[in-house]
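Note that the structure is predicted; figures quoted are calculated from it, not measured.
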Amino acid sequence: MLGGLVLTGGGSNLVGIEKAFCNHTHIEKIRIAKTITQTINANDPLINKKDGTLNTVLSLLVKGDMNCAGANVEVANDLFSPVNPHPQVQPVPEVRTARAINDTITSGVVLTAAEKQKAEEEERKKKEAEEAERLRKEKEERRQAEEKKKNSFWYKTVNGLKNFGKRMIEPEDE
């Protein structure tokens, strides 16, 4: 954020918004974008108003030169008058193939019920395997600690004294 912040939209017209952002973010470089750089010719005074309230919509219109359902749209010098008001839209052939259940799922993909169930099952198995591995490691650590304890000098000494005490107390068989 070395370049600072740029505030835009209707909220940027609030009194003291720059100071509020500066206090909250501790960033000194804050400016307010009151308009976009694209030339706009419109009869509506709301669109021509230079207060930043329509910056998002106007910016999307500036960059919206592609028809999501087909070919590119030709745009004239201003946003609101296309070169050809009734362009011939060429249909795009549908080339989608169904996704297999075992395909890698990326973010933004909505899972089907079967995929959700499979993902939950895999997650459950993964957690069970991790839990089994954790228990195995704990058991191995306890075994090693017990082994270390039994091999220690003090354990052997105390055990030897206990055995000596037991032999002293037991009656001798003649």
Side-chain angles (χ1 to χ4, degrees), residues 1-33 36-38 52-73 89-170:
M1 297 296 263
L2 296 175
L5 294 175
V6 178
L7 304 177
T8 188
S12 66
N13 294 326
L14 292 170
V15 177
I17 193 72
E18 291 170 312
K19 186 173 181 174
F21 265 88
C22 182
N23 290 340
H24 185 70
T25 62
H26 306 291
I27 296 174
E28 298 295 325
K29 294 180 183 179
I30 296 176
R31 76 175 184 90
I32 295 179
I36 62 171
T37 57
Q38 179 76 19
T53 54
L54 294 177
N55 282 0
T56 303
V57 172
L58 295 174
S59 298
L60 288 171
L61 287 172
V62 168
K63 291 298 179 183
D65 59 351
M66 187 179 87
N67 182 358
C68 296
N72 287 349
V73 177
V89 178
Q90 299 292 328
V92 178
E94 189 69 30
V95 219
R96 293 185 183 180
T97 57
R99 190 167 41 91
I101 290 178
N102 58 358
D103 283 353
T104 304
I105 298 170
T106 59
S107 65
V109 176
V110 178
L111 301 176
T112 64
E115 290 171 330
K116 284 182 186 177
Q117 186 177 6
K118 182 179 178 188
E120 290 171 357
E121 183 69 21
E122 288 174 358
E123 186 67 25
R124 185 184 60 75
K125 286 180 181 177
K126 181 180 173 185
K127 285 183 180 179
E128 286 176 356
E130 288 173 354
E131 181 68 17
E133 180 66 20
R134 185 186 64 79
L135 291 174
R136 188 193 63 75
K137 284 182 180 179
E138 285 180 2
K139 186 176 180 181
E140 181 64 22
E141 287 172 359
R142 282 194 303 269
R143 188 194 62 75
Q144 287 176 352
E146 188 69 27
E147 184 81 22
K148 185 176 178 182
K149 180 181 167 185
K150 286 182 180 179
N151 291 332
S152 74
F153 169 76
W154 293 109
Y155 183 83
K156 289 179 179 177
T157 303
V158 170
N159 237 6
L161 287 173
K162 284 181 184 177
N163 290 335
F164 177 75
K166 284 180 185 177
R167 284 192 308 250
M168 296 301 286
I169 294 174
E170 289 179 359

Nearest 0.5 angstrom please: [X] [atom1] to [Y] [atom2], how far?
X: F21; Y: L5; atom1: CZ; atom2: CG; answer: 7.0 Å
X: K118; Y: T112; atom1: NZ; atom2: OG1; answer: 10.0 Å
X: T25; Y: I30; atom1: OG1; atom2: CD1; answer: 4.5 Å
X: E146; Y: Y155; atom1: CD; atom2: OH; answer: 6.5 Å
X: W154; Y: N159; atom1: CH2; atom2: CG; answer: 14.0 Å
X: K148; Y: E141; atom1: NZ; atom2: CD; answer: 12.0 Å

Is there a side-chain contact between E138 and R134, using heavy atoms and a 4.5 Å cut-off?
yes
Verify side-chain contact (heavy atoms from CB on, under 4.5 Å) between K139 and R142, making sure each step is shown before the conclusion.
CA-CA 5 Å; K139 186 176 180 181; R142 282 194 303 269; 4.0 Å; yes
Please determine whether a side-chain nitrogen of the Lys or Arg among [X] and [Y] lies less than 4.0 Å from a carboxylate oxygen of the Asp or Glu.
X: E140; Y: R143; result: yes
X: R124; Y: E128; result: yes
X: R136; Y: E133; result: yes
X: E147; Y: K150; result: no

Hey, can you pull the donor-acceptor pairs under 3.5 Å for the side chains in residues 8-16, sequence neighbours left out?
unit_1 : atom_1 : unit_2 : atom_2 : d
T8     : OG1    : A33    : O      : 3.4
T8     : OG1    : N55    : ND2    : 2.6
S12    : OG     : G9     : O      : 2.6
N13    : OD1    : K34    : NZ     : 2.9
N13    : ND2    : D51    : O      : 3.1

